[in-house]
Every structure is written in structure tokens, then in C-alpha cells.
Amino acid sequence: MSTIAQEHTPAPTPGTEPGPASSGSDFPVPPAPRAAIEAIIALALAEDAPHGDVTAQGLIPSTAAATAEVVARVPGVLSGAEVFAEAMLQADPALVVTAHLADGEAFEAGAVLLSVSGPARGLLLGERVGLNLLQRLSGIATATSRLVALVSAAGGHARVADTRKTTPGLRVLERYAVRCGGGSNHRDSLSEAVMAKDNHLALLGEGEALTQALLAAKARWGHTVHVEVEVDHFEQIDPVLAAGVDTIMLDNFSLEDTARAVKHIAGRAIVEASGTVSEETIGAIAATGVDVISSGAITHSVRALDLGLDLVVSAAP
């Protein structure tokens with residue numbers, strides 16, 4: 001298991017496990033599972049250096065030590081400090097990683113986010129894996145935080161949520177990054193909650209047939225299962241409401257129809273808006289009064305944040 005020193009760590013709320021910064025919430029962000037971090041890093045290092053780092057082994061003396069700093073080239077929100085540390089420490093357990101900010105904290109260009117010191121070969125071995133993941137996760141956290149801020153500025157109460165459009169094998173980390181940016185997570189997998197989408201509904205019919213199909217399925221699922229149904233036109237709303245579902249997702253509705261749907265549903269179900277969500281549109285979507293705004297783009301189309309690892313040799317053989 002990796003360890004990471006932190007210059008300042010927010011005090012955890014009593015009764016909760018220690019976690020990263022709260023990203024504006026009153027509660028710490030739930031951390032990514034340690035076992036998942038360790039497994040992902042092990043696979044990434046095996047991919048990047050299946051037989052070791054031949055360059056470092058050939059050029060760098062085994063006794064060489066170095067210090068490096070992760071420096072932000074642009075402003076953003078940090079996510080993945082523990083992931084970066086795990087990459088370094090799996091590369092060489094003698095490396096020492098220090099976090100100068102906590103996950104969920106915002107920073108400006110030029111900020112030193114983390115530092116690592118120890119055996120130079122190990123540092124070079126873990127550099128790319130650690131930095132790749134840190135850049136991606138911080139990019140997701142930064143993009144999410146911008147959407148959350150735009151919802152707030154528009155006076156909306158909606159949560160910003162991710163989707164299952166994540167990188168295969170990295171979902172647990174990408175969902176964590178969304179939380180670091182102040183967002184919420186949608187269902188984790190197909191096994192976690194019911195979500196009937198357009199392709200399901202196409203096989204069930206319209207009107208009363210749809211209502212009866214949903215009621216029959218709800219009886220099989222039981223009362224503890226959350227049921228969400230996606231609708232792509234206004235006429236589907238009443239048959240879905242008649243089945244007593246928990247959440248209705250409005251897929252690619254116009255702003256006018258979204259506002260009309262919120263008024264029509266009138267609290268009988270959670271209302272989620274999805275499709276055409278961007279920094280340019282989310283404020284207007286939030287102003288309609290929806291409860292959740294989900295965006296696949298914050299994970300599937302996010303740009304990795306520009307972070308650099310600046311190396312300074314601290315000792316020579």
C-alpha cells in the first residue's frame with residue numbers, strides 16, 4: 001500500500017473516513033478504493049515497462065537520486081494525488097511523495113501540486129503512468145467544477161452527474177474525479193440500478209403497454225430498486241409516470257419542453273436532463289428547474305490537464 005505525505009489535510013467530518021477535500025460540499029469526497037488504485041497502477045506499469053526501463057537502466061546509475069515537482073501549466077482542480085503516489089511507489093517503494101494540495105482543491109498556473117524524491121530510476125519508471133492518470137483525472141475534475149459553477153450561477157439546484165461513458169477499466173477513478181470537481185455519480189454499472197433507455201422502450205411499446213410493462217417489471221425488481229426511464233418525447237411522460245418510476249430522464253429535450261416537463265411532472269419523480277449539455281447550455285438547462293443534469297462529455301471527451309513533471313537531480317554517485 002502506498003503512503004503519501006500531505007502538507008495540509010482537511011479535518012474529516014466525525015464519523016466519516018478520511019477523504020480528500022470536499023469541493024464545496026460539507027462532507028469529504030468519498031475516496032477511490034485502494035484496491036482498485038493498486039490494481040490499475042500495476043496493470044499500467046506492466047504495460048509501460050514489461051521488462052523494466054531499459055533507457056534508465058542503461059543511462060542512470062543505480063545510486064542516483066532525484067527530486068521532481070508536478071507543476072501546473074494551467075489553472076484547474078486537482079484529482080489523483082493518491083493515484084500518482086501509487087505509481088511512484090510501485091515503481092520504487094523508496095520514493096517519497098508529498099502532496100502540496102488535496103484532491104478537490106483549485107490551483108492556478110505555476111502551482112506546485114506534488115513533489116517526489118528518491119531513487120532516480122524509480123522516479124523515471126513511474127513518471128509517465130503517474131502523470132498520465134493525474135492529468136486525465138484533474139481534467140475531469142476541472143471540467144466538472146466548471147459545470148457545477150455554471151449551474152450555481154444560473155440559480156439552479158441541479159446536481160451535475162456523470163454517465164457510464166467512461167474509459168473501460170478506469171471508471172472507478174474517473175467517477176472519483178467527477179466527485180472531486182463537485183459533481184455526482186450516476187449508476188455505477190448495469191447491475192446497480194434500473195435504467196430503461198430508448199432501445200428498451202422500443203421493444204415495450206407506447207401508452208398503456210409501456211405502463212403495464214414497467215409495472216410488471218417493478219413487481220419483479222422489488223421496492224428497494226431505483227427505477228429510471230429515459231423519454232425522448234413529451235407524450236411518453238404520462239405512461240411512465242403512471243408506472244410510478246423514481247426518475248424520468250429527458251433526453252435531448254428543447255429548453256421549452258424541458259421547462260414544460262418539469263412543471264408537468266411536478267415533483268412526482270426526479271427529473272434528469274441529458275443530451276446537448278455543454279458549458280454554453282448548462283446554465284439555461286439548470287434554470288428550467290431540473291434536479292439532475294448528466295453529461296457524458298466530462299469523462300468521454302475531456303481534455304487532459306496540462307501538468308508537467310520538472311526534474312532536479314539532488315544527488316550524484
Side-chain angles (χ1 to χ4, degrees), residues 1-41 70 72 75-87 97-108 111 113-114 130 133-152 157-167 170-189 192-193 282 291-300 302 304-305 307:
M1 179 180 293
S2 71
T3 57
I4 180 170
Q6 288 196 333
E7 292 188 336
H8 57 285
T9 304
T13 303
T16 66
E17 294 184 1
S22 61
S23 297
S25 169
D26 292 332
F27 301 99
V29 174
R34 283 291 327 151
I37 295 175
E38 292 167 5
I40 288 168
I41 293 299
V70 177
V77 174
L78 183 65
S79 181
E82 192 72 18
V83 177
F84 178 86
E86 182 64 27
V97 181
T98 301
H100 304 294
L101 278 77
D103 280 357
E105 287 194 79
F107 53 81
E108 297 298 327
L113 309 179
L114 301 104
L133 290 169
L134 187 69
Q135 288 179 296
R136 177 159 184 80
L137 299 183
S138 295
I140 291 170
T142 302
T144 303
S145 70
R146 286 199 292 262
L147 295 185
V148 170
L150 289 166
V151 168
S152 179
H157 68 274
R159 296 182 176 188
V160 175
D162 53 20
T163 72
R164 285 172 43 248
K165 296 177 181 178
T166 54
T167 307
L170 295 183
R171 179 173 296 172
V172 67
L173 297 185
E174 293 180 347
R175 284 166 56 85
Y176 168 71
V178 168
R179 298 194 298 272
C180 287
S184 299
N185 296 138
H186 217 290
R187 59 174 178 165
D188 185 48
S189 68
E192 187 177 75
I282 194 167
D291 304 303
V292 180
I293 302 173
S294 56
S295 169
I298 56 175
T299 53
H300 73 61
V302 73
L305 209 65
L307 309 175

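All residue numbers refer to positions in the sequence shown, counting from 1.
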Subject >> side-chain contact (heavy atoms from CB on, under 4.5 Å) evaluation trace for Glu86 with Glu82 >> reply: CA-CA 6 Å; Glu86 182 64 27; Glu82 192 72 18; 5.7 Å; no

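- Taking both residues in full, the closest heavy atoms of Ala161 and Val292 are given as CB-CG1, 3.9 Å, listed atom of the first, atom of the second, then distance.
- Heavy-atom minimum distance, Ala72 versus Glu108: CB-O, 3.8 Å.
- Within the 4.5 Å cutoff, the side chain of Leu170 has heavy atoms near those of the Leu133 side chain.
- By the side chain to side chain donor-acceptor pair (under 3.5 Å) test, Thr166 pairs with Arg171, sequence neighbours left out.
- Between the side chain of Gln135 and the backbone N or O of Ala304, no donor-acceptor pair lies under 3.5 Å.
- With no hydrogens or angles considered, no side-chain donor-acceptor pair links Tyr176 and Asn185 at under 3.5 Å.
- Two residues are said to be in side-chain contact when any heavy atoms from C-beta on lie closer than 4.5 Å; Asp103 and Leu137 fail this criterion.
- A donor-acceptor distance shorter than 3.5 angstrom exists from the side chain of Asp162 to the backbone of His186, with no hydrogens or angles considered.
- By the side chain to side chain contact (heavy atoms under 4.5 Å, CB included) test, Ala39 is found to be paired with no residue, residues two or more places apart in sequence or in another chain being considered.
- Atom-to-atom distance recorded for Leu173:CG and Ser79:OG is 8.5 Å, nearest 0.5 angstrom.
- Scored by the side chain to side chain donor-acceptor pair (under 3.5 Å) test, Ser294 finds Glu272, Ser274 as partners (sequence neighbours excluded).
- Taking 4.5 Å as the limit, every side-chain heavy atom of Leu78 sits out of range of all side-chain heavy atoms of Cys180.
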Original post:
Would Ser138 and Leu307 satisfy side-chain contact (heavy atoms from CB on, under 4.5 Å), going step by step from the backbone distance to the final call?
Top reply: CA-CA 9 Å; Ser138 295; Leu307 309 175; 4.2 Å; yes

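- Residues Pro30 and Arg179 have side chains in contact (heavy-atom distance under 4.5 Å, counting atoms from C-beta outward).
- For the side-chain contact (heavy atoms from CB on, under 4.5 Å) with Leu114, the lone residue among Val97, Leu101, Thr98 that qualifies is Val97.
- Pairing each heavy atom of Glu174 with each of Arg136, the nearest pair is OE2-NE, 2.7 Å.
- A heavy-atom distance below 4.5 Å is found between the side chains of Asp188 and Arg175.
- Applying the side chain to side chain donor-acceptor pair (under 3.5 Å) criterion to Ser152, with sequence neighbours excluded, gives no partner residue.
- With sequence neighbours left out, His157 forms a side chain to side chain donor-acceptor pair (under 3.5 Å) with Asp291.
- A heavy-atom distance below 4.5 Å is found between the side chains of Val151 and Val160.
- For Ala111, the side chain to side chain contact (heavy atoms under 4.5 Å, CB included) partners at least two apart in sequence or on another chain are Phe107, Leu113.
- Judged as a side chain to side chain contact (heavy atoms under 4.5 Å, CB included), and not counting sequence neighbours, the contacts of Ser295 are Leu147, Val277, Ala297, Ile298.
- With hydrogens and angles disregarded, a donor-acceptor distance shorter than 3.5 Å links the side chain of Thr299 to the backbone of Lys165.
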**OP:** Show the numbers, then the answer: is there a side-chain contact (heavy atoms from CB on, under 4.5 Å) between Val172 and Ile40?
**Re:** CA-CA 10 Å; Val172 67; Ile40 288 168; 3.9 Å; yes

